[in-house]
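Atoms within a ligand are numbered from 1 in the order they appear, just like the ligands themselves.
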Amino acid sequence: MSSRGQDLIRQLAEDHTLSSGELLELLLLLEEERMTEGRGPLAVLLGEEADAVRRQYYGNKVYVRGLIEVSNYCRNDCFYCGIRRNNRDCERYRLTEEEILECCREGYELGFRTFVLQGGEDWNFNDSALYNIIRRIKVNHPGCAVTLSFGERSEESYAALKAAGADRYLLRHETATKTHYEKLHPRAMSFDNRMHCLRVLKKLGYQTGCGIMVGSPGQTPENLMRDLEFIRDFRPEMCGIGPFIPHHATPFADQRAGTLEQTLYLLSMIRLLVPDVLLPATTALGTIHPRGRELGIQAGANVVMPNLSPDGVRKKYELYNNKLSTGQESAQCLADLKARMAAIGYEVVTDRGDVNRR
Ligand code: SAM
């Protein structure tokens, strides 16, 4: 194992930071190891350090969020995404307010205390529609957290939804490099606005989540270094990362998927850079490997987000090929998820799971 790599990992675990040059050096060493060995000793050491730091903040607890995919209508045309506007094969759906509330009711019964409402940028979910939904969830389930993920909106809109009671907002930055952002998105979308939205969300007091796709087309080690620096400096309360997986009806249909191993070492690095971050082992990670979720938790993640959407629409929220929505991905299989986590020494807990920021 590279002794320089070991030194960098120990330094990262102790100081929770590295210089730009050191971050890049570590990324290159991990990538070199991955290309020859898959998950090698450096990545394992990094994972052990990440697990130890997570235990200091959260013990062996794994938080669950009930994910409700409320609409696959989207005005955007992101090159990677299966629900992009220009995918004519996508069968569109939109849940009604009553359907969303029913998902929450069922989720509450199952033990969920955080509901994540996610959708494409569908302007049918305007401020007043979302305001009513958030209010009603808060009245029906006092003490539960509401997380939103509806993409870029105005400051006024984010403020109105916060006033309605929303607690958290997930908006992946996708990449912290402007030129890379422009390779992943059409001209109508702006890197500067994405970053502006993230700053606004934080300023308004949301627990804010950013994140990236691992192995997205054109992603370089330098891009990842910038992502890690951004995550370290922005100090998000949550950070969603998962492998890029191609979708057959997008311009990136023939691109290669991101890897399990690279996602795992990046999860570990993020845990060490932001020790208290709430870090999900994502559906995409579960999709590329049958034990992806467990391996993600062992590498430093501490959140899972099973799917609470009605059965009839789950297949239609197809962001990438073969996206999981049943089995361990299904909120109805919480007992199975608990057993799988218990088998590797972690305890699924059903409280709100707010950030433990010291
Ligand atoms: N519209 C909201 C937004 O843009 O934040 C929420 C929905 S969007 C589909 C949620 C996330 O899915 C994106 O931030 C992106 O990182 C991820 N995603 C989209 N297409 C993907 C793909 N092909 N592979 C992996 N993740 C993907």
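Residues Glu237 and Asp276 are not in side-chain contact: their nearest non-hydrogen atoms beyond the backbone lie 4.5 Å or more apart. Contact annotation: the side chain of His185 approaches that of Glu174 to within less than 4.5 Å [non-hydrogen atoms, C-beta and beyond].
Shown here for Glu25 and Arg4, the closest heavy-atom pair between the two residues is OE2-NE, 2.8 Å.
Shown are Glu31, Arg39, Arg34; of these, the side chain to side chain donor-acceptor pair (under 3.5 Å) with Tyr265 is made only by Glu31.
Taking a heavy-atom cut-off of under 4.0 Å, ligand 1 is surrounded by Tyr80, Cys81, Gln118, Gly119, Gly120, Ser149, Gly151, Leu171, Arg172, Glu174, Met213, Pro243, Phe244, Ile245, Tyr317, Leu319, Tyr320.
Within the structure, the salt bridge (charged side-chain N to carboxylate O under 4.0 Å, His left out) test picks out no pair touching residues 207-232 (sequence neighbours left out).
By the 6.0 Å and 45° rule, Arg113 stacks over the aromatic ring of Tyr108.
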